[in-house]
Amino acid sequence: MESYISIKNVSYSYYGKEQALCNVNLDIRKGDLLCIIGQNGSGKSTLLHVINALIFPDSGTFEFCGKAITEKYLKDANNNLNFRMQFGYIFQNPDIQLFCPSVIDELLFAPLQLQLSREEAEKRAHDTMKYIGIEHLKERSVLSLSGGEKKKVAIASILTMNPEVILIDEPLAGLDPKTQTFFTEMIIELHRIGKTIVFTTHNLELIDHLQPKVAVISEQHSVIKVGTTTEILNDEELLKNVNLLHEHTHIHGNEVHRHYHSHYVFHKHE
Ligand SMILES: Nc1ncnc2c1ncn2[C@@H]1O[C@H](COP(=O)(O)OP(=O)(O)OP(=O)(O)O)[C@@H](O)[C@H]1O
Ligand SMILES: [Mg+2]
């Protein structure tokens, strides 16, 4: 199958000094469910910014459907609309994403930008609010919402776009357990209907549940391994190296022993 999203030798540094990505290579196919893991500051969010063309590599290329997506390419209004309508990005911090005065305005924004009729936009907004369970927030000011409510609105505002590619930075961060379960099931459903999904997490339990392809970013900001969930979760050495497993001491009866574990997968007390 031909490559859909292709990241080749991409490096990026903020203001020319904070290195965030270093020679990153990654291929994503249409319909993939891919998770990017790595410790804090490794470059996960930066990589999603590159895939959404919010920033452009200092060197290397980002291609979508065989086209290099550059600043120059997106200066053309048609190219820009065509690219933007296919990508939805749910930010790690919903405060960055939400900018309309009310929840309903936020949900209508993308469909109206995409030149849908008012009637169709309202139907999408209504259906999405119902699906996410935020109808009661419809007229509320976005600024007055709790963190979890903002996250739900941020997710809803991307679903109203109905994009082909959905980028989700830390999908479960800041959500209560019931909402976490809901959004985990939502990711499964979106993948099932054929969306290409790229998400980031530190949560190995989520990976074990969703069984995505996994790309691991090192402290040095490079993708050092791409594999199946089983391949990555079985590679304890690698997970220790990228600080996703840590050492704990446990007491069992009179015995004290020390082992590495994440918060879940390797936390077995025989
Ligand atoms: N706006 C910014 N200005 C300067 N440096 C930045 C900026 N955003 C990120 N960085 C730096 O770039 C590197 C990668 O950051 P990034 O946010 O991509 O990491 P991350 O893997 O998403 O981390 P986390 O798990 O904490 O979300 C870090 O060293 C970070 O300090
Ligand atoms: Mg991040």
Side-chain angles (χ1 to χ4, degrees), residues 5-26 28 33-62 69 71 87-99 147-148 150-152 154-155 157-158 165-175 180 183-184 187 197-210 212-227 229 232-233 235 238-246 261-265:
I5 293 169
S6 173
I7 304 284
K8 286 194 192 121
N9 302 318
V10 163
S11 294
Y12 182 82
S13 57
Y14 289 93
Y15 315 112
K17 52 179 192 204
E18 291 297 336
Q19 186 82 32
L21 296 174
C22 186
N23 212 18
V24 167
N25 288 288
L26 188 62
I28 303 169
L33 175 63
L34 177 92
C35 179
I36 301 164
I37 62 173
Q39 68 182 58
N40 290 133
S42 55
K44 302 178 297 297
S45 298
T46 306
L47 184 52
L48 291 189
H49 296 350
V50 168
I51 298 174
N52 199 37
L54 296 178
I55 57 177
F56 298 92
D58 297 334
S59 57
T61 55
F62 157 45
I69 307 300
E71 240 173 322
F87 283 74
Y89 185 3
I90 299 161
F91 284 74
Q92 185 165 2
N93 174 4
D95 284 325
I96 300 176
Q97 190 178 331
L98 304 173
F99 56 90
K150 281 183 189 165
K151 186 99 182 177
K152 289 184 190 176
I155 291 170
S157 71
I158 294 307
V165 183
I166 305 177
L167 311 171
I168 320 178
D169 204 353
E170 303 282 350
L172 305 186
L175 298 174
Q180 287 193 12
F183 283 117
T184 305
I187 292 172
I197 300 178
V198 185
F199 69 101
T200 72
T201 191
H202 304 109
N203 182 337
L204 300 184
E205 183 176 0
L206 179 65
I207 299 174
D208 196 37
H209 187 70
L210 292 175
K213 277 189 200 170
V214 183
V216 183
I217 304 197
S218 67
E219 201 175 348
Q220 289 73 35
H221 315 291
S222 287
V223 170
I224 49 171
K225 184 165 177 175
V226 182
T229 294
I232 300 297
L233 291 185
D235 196 340
L238 172 76
L239 294 174
K240 268 189 274 175
N241 285 339
V242 295
N243 291 321
L244 292 172
L245 284 181
H246 57 107
H261 69 84
S262 73
H263 287 288
Y264 163 74
V265 180

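Both counts, for ligands and for their atoms, begin at 1 and track the order of listing.
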Mark yes or no for whether [X], through its side chain, and [Y], through its backbone, hold a donor-acceptor pair below 3.5 Å.
{"X": "Asn9", "Y": "Asn23", "answer": "no"}
{"X": "His209", "Y": "Thr184", "answer": "no"}
{"X": "Glu170", "Y": "Leu172", "answer": "no"}
{"X": "Ser11", "Y": "Ser59", "answer": "no"}
{"X": "Lys44", "Y": "Gly38", "answer": "yes"}
{"X": "His49", "Y": "Ser45", "answer": "yes"}
{"X": "Asn93", "Y": "Asp95", "answer": "yes"}
{"X": "Thr229", "Y": "Asp208", "answer": "no"}

Looking only at protein heavy atoms, identify the closest one to [atom] and say how far it is in Å.
{"atom": "atom 25 (O) of ligand 1", "result": "Lys44 NZ, 2.7 Å"}
{"atom": "atom 24 (P) of ligand 1", "result": "Asn40 ND2, 3.5 Å"}
{"atom": "atom 23 (O) of ligand 1", "result": "Gly41 N, 2.8 Å"}
{"atom": "atom 15 (O) of ligand 1", "result": "Thr46 OG1, 3.8 Å"}
{"atom": "atom 17 (O) of ligand 1", "result": "Ser45 CB, 3.8 Å"}

Give the atoms of ligand 1, by number and element, whose distance to some non-hydrogen atom of [X] is under 4.0 Å.
{"X": "Gln39", "value": "21 (O)"}
{"X": "Glu18", "value": "4 (C), 5 (N)"}
{"X": "Ser42", "value": "19 (O), 21 (O)"}

Q: For the Mg ion (ligand 2), decide whether Thr46 has an N, O or S atom at a distance under 2.8 Å.
A: no
Q.
Taking N, O or S atoms only and a limit of 2.8 Å, check whether Asn40 reaches the Mg ion (ligand 2).
A. no
Any N or O of [X] closer than 3.5 Å to N or O of ligand 1:
{"X": "Gln92", "value": "yes"}
{"X": "Gln19", "value": "no"}
{"X": "Ala20", "value": "no"}
{"X": "Glu170", "value": "no"}

Q. Hey, are Thr200 and Asp169 close enough side-chain-wise for a donor-acceptor pair under 3.5 Å?
A. yes
Q) If you measure from atom 6 (C) of ligand 1 to every heavy atom of Tyr14, Tyr12, Tyr15, which option wins on shortest distance? A) Tyr14
**Q.** Region of His202 that comes within reach of ligand 1 [heavy atoms, distance under 4.0 Å]
**A.** side chain
Q) Would you say atom 30 (C) of ligand 1 has a protein heavy atom nearer than 4.0 Å? A) no
Q) Does some non-hydrogen atom of Gly38 fall short of 4.0 Å from ligand 1? A) no
Q. Does ligand 1 have an atom that lies less than 4.0 angstrom from a heavy atom of His49?
A. no
Q. Could you give the distance from CZ (Phe62) to CG (Leu47), rounded to the nearest 0.5 Å?
A. 9.5 Å
Q. Rounded to the nearest 0.5 Å, what separation is found between the CD1 atom of Ile28 and the CD1 atom of Ile36?
A. 6.0 Å
Q) Taking everything shown except Lys8 itself, do over 12 heavy atoms lie less than 6.0 Å from its NZ? A) no
